[in-house]
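This report concerns only the one structure given below.
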Amino acid sequence: MNKKEDRMDSIVALCKRRGFIFQGSEIYGGLAGTWDYGPFGVKLKKNIRNIWFRRFSDNRHDMYEVDAAILMNQKVWQASGHAAGFADPLVECKKCKKRFRADQVEKISAKDDGSGLTGNPTADTGTKSYWKCESCGTSNESNVRQFNMMFQTNVGAIQDDSSISYLRPETAQGMFVNFKNILDTQHPRLPFGMAQIGKAFRNEIAPRDFLFRSREFEQIEIEYFVKPSEWEKSFEYFRSEMKGFMSDVGLSASKVHELEVPEADRAHYSKRTIDFEYDFPFGKKELYGLAYRGDFDLKQHSDFSKVDLSYYDEETKERFIPHVIEPSFGLDRTVLAILCDAYTEDEMGGEKRVYLKLHPSVAPFKVAVFPLLRNKPELIKKAEEIFKTIQTEIPMTDYDDNGNIGKRYRRQDEIGTPLCVTVDFETIEKGNGVTVRDRDSGKQERVAEGELLKYLKRKIS
Ligand code: GAP
């Protein structure tokens, strides 16, 4: 096992050990591509979500949030192009019958590898692929099939073509189909955006790398409607806002890279896409996308629904279909990037230590309060009193009197709590304040009780 795999294994193990994230349906052997969030994972995700909404919706007046149904009329997906084209290339091993994404398998030259395969040794023609099975090692010459990734279901008791529906593969379409509702009820002026958070589902051929590629995940997306001539301005604006958000949640700027996606690799609706890639332990991979969708979606939905989705500009007296800039964020990929960024091993007191160097803005707990010993009522009484005072001013404060103090520090280190406050005998006997321990350095400072709130707020702000 190489070092990168070690690191991912350690992160997955910490997530399970401390109650961040578990394999979905674990007691039945799991369900590939699904993950369940435990108490600290939920808190981490909630913090990220709140930071996102503060930047992109709460603190602005041009963003309209919706929460559309996951199940939609199948015509939505015909209009959007997903029913026909939301597919990944698939190959199947002739020996073990395992299936893989054709663009992710090890390509071979039919001539050179001695497998006896004949034919054109070109690695991949798009319809034919020469490849080695990563599971059983067999050399294959396969026809590449297109595999539609939408989960199909039937709505109602009758199962025929008319009742087909899909679990949405992106949240975006829930906004396009509500565009007219927003125009009619909110009367916005261009440019304005719609924002939505919610689950998306993709029947990925090869879910992998923990939360990175799963079959059920959460997206937060904006569809920002602009005058056609002004798309570049909004594109550049959101490019910078997306970087601002990554900094808000504490991602290292040096690990984020922008990729101008070439035309051949862009989604069918996109006229320009920038991917924000992140240096995950398993490689540099897409974290978010920023796309210029032109008028593709509104036009398609106008055509398919026969409902006019144009916008009337009162100033210029013109009617037109707005163009769309789409910043698209994967929430689970954000969680993963933050965990990978924060996971740290060092040595403290002669022992190996693991801690999450989380930015205070996303840490599940900002502060934890302990009595030094759990069997001393006077320590507990004072610690509870201090805990209550802090909690009213600093939400997401924890109280812990379980196990010895060293174990409690280790637990909070692994959860990523930036500061631990300990009430000891000096606190109650000499009125000499409390100790505050810094997660990253492990150093403790004695702080007067009257100064404590100010001190903590300054440290976590
Ligand atoms: N509406 C545009 C859209 O859905 P996308 O690039 O296919 O674009 C957007 O997905 C984001 O959703 C990705 O950048 C990623 O963060 C997240 N995402 C996509 N597929 C995912 C998967 N299988 N597992 C986890 N996150 C995924």
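This structure is a prediction, so every number in the text was calculated from the model and none was measured. For ligands, and for the atoms within them, numbers begin at 1 and follow the listed sequence.
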| task | May I ask you to identify, for R215, whether its side chain, its backbone, both or neither come under 4.0 Å of ligand 1 on a heavy-atom basis? | result | neither
| field | Nearest neighbour in protein (non-hydrogen) for atom 19 (C) of ligand 1 | value | R202 NH1, 3.5 Å
| field | Residue part near ligand 1, for E223, under 4.0 Å between non-hydrogen atoms | value | neither
| task | Run the salt-bridge test on D400 and K407 with the 4.0 Å N-O cut-off and return the result as yes or no. | result | no
| said: Check the orientation of F210 and W35. Use parallel for under 30°, tilted for 30 to 60°, and perpendicular for over 60°. | reply: perpendicular
| field | Mutual orientation of the aromatic rings belonging to F235 and W231 [parallel < 30°, tilted 30-60°, perpendicular > 60°] | value | perpendicular
| field | Heavy-atom donor-acceptor pair, R439 side chain to Q412 backbone, under 3.5 Å | value | no
| task | Before signing off on this row, confirm whether F329 and ligand 1 have an N or O atom pair separated by under 3.5 Å. | result | no
| task | For E221, take its heavy atoms, then give the atoms of ligand 1 lying under 4.0 Å from any of them. | result | 1 (N), 2 (C), 3 (C), 4 (O)
| Parallel, tilted or perpendicular: which fits the ring planes of F280 and F212, with parallel below 30° and perpendicular above 60°? | perpendicular
| For E170, atoms of ligand 1 separated by under 4.0 Å from a heavy atom | 1 (N), 2 (C), 3 (C), 4 (O)
| request: Could you check whether the rings of F329 and W52 sit parallel, tilted or perpendicular, using 30° and 60° as the cut-offs? | output: perpendicular
| remark: The atoms of ligand 1 lying under 4.0 Å from a heavy atom of R293, numbered in the order shown, are 1 (N), 2 (C)
| said: Any carboxylate oxygen within less than 4.0 angstrom of a Lys/Arg side-chain nitrogen, looking at K98 and E92? | reply: no
| Distance-only N or O hit between ligand 1 and G330, under 3.5 Å | yes
| field | Salt bridge present between K180 and D184 (N-O < 4.0 angstrom) | value | yes
| note | Here the atoms of ligand 1 under 4.0 Å from any heavy atom belonging to E326 are 1 (N), 2 (C)
| Shortest heavy-atom approach to atom 18 (N) of ligand 1 - which of F201, F217, F212, W35 | F217
| Going by the order shown, which atoms of ligand 1 are within less than 4.0 Å of some heavy atom of R213? | 22 (C), 23 (N), 24 (N)
| query | atom 9 (C) of ligand 1: which protein heavy atom is closest, and how many Å away? | reply | S328 OG, 3.0 Å
| Electrostatic pair K357-D341, nearest N-O below 4.0 angstrom | no
| Got a salt bridge between E347 and K352, using NZ or NE/NH1/NH2 to carboxylate O under 4.0 Å? | no
| said: Distance under 4.0 Å to a non-hydrogen atom of Y288: what atoms of ligand 1 satisfy this? | reply: 14 (O)
| remark: If you scan protein heavy atoms around atom 14 (O) of ligand 1, the nearest is E286 OE2, 2.5 Å
| So which protein heavy atom does atom 10 (O) of ligand 1 come closest to, and at what separation? | Q219 NE2, 3.4 Å
| query | For atom 15 (C) of ligand 1, what is the nearest protein heavy atom, given as residue, atom name and distance? | reply | R333 NH1, 3.5 Å
| query | With backbone taken as N, CA, C and O and side chain as the heavy atoms from C-beta onward, which portion of Y269 lies under 4.0 Å from ligand 1: side chain, backbone, both, or neither? | reply | side chain
| Among protein heavy atoms, which lies nearest atom 24 (N) of ligand 1, and at what distance? | S214 N, 3.0 Å
| said: Within ligand 1, which atoms have a heavy atom of L211 less than 4.0 Å away? | reply: 25 (C)
| query | Taking the inter-plane angle between the rings of F179 and F225 on a 0 to 90° scale, is it parallel (under 30°), tilted (30 to 60°) or perpendicular (over 60°)? | reply | tilted
| said: Between K284 and D279, does any NZ, NE, NH1 or NH2 come within less than 4.0 Å of an OD or OE carboxylate oxygen? | reply: no
| field | Contact partition for L287 relative to ligand 1, non-hydrogen atoms under 4.0 Å | value | backbone
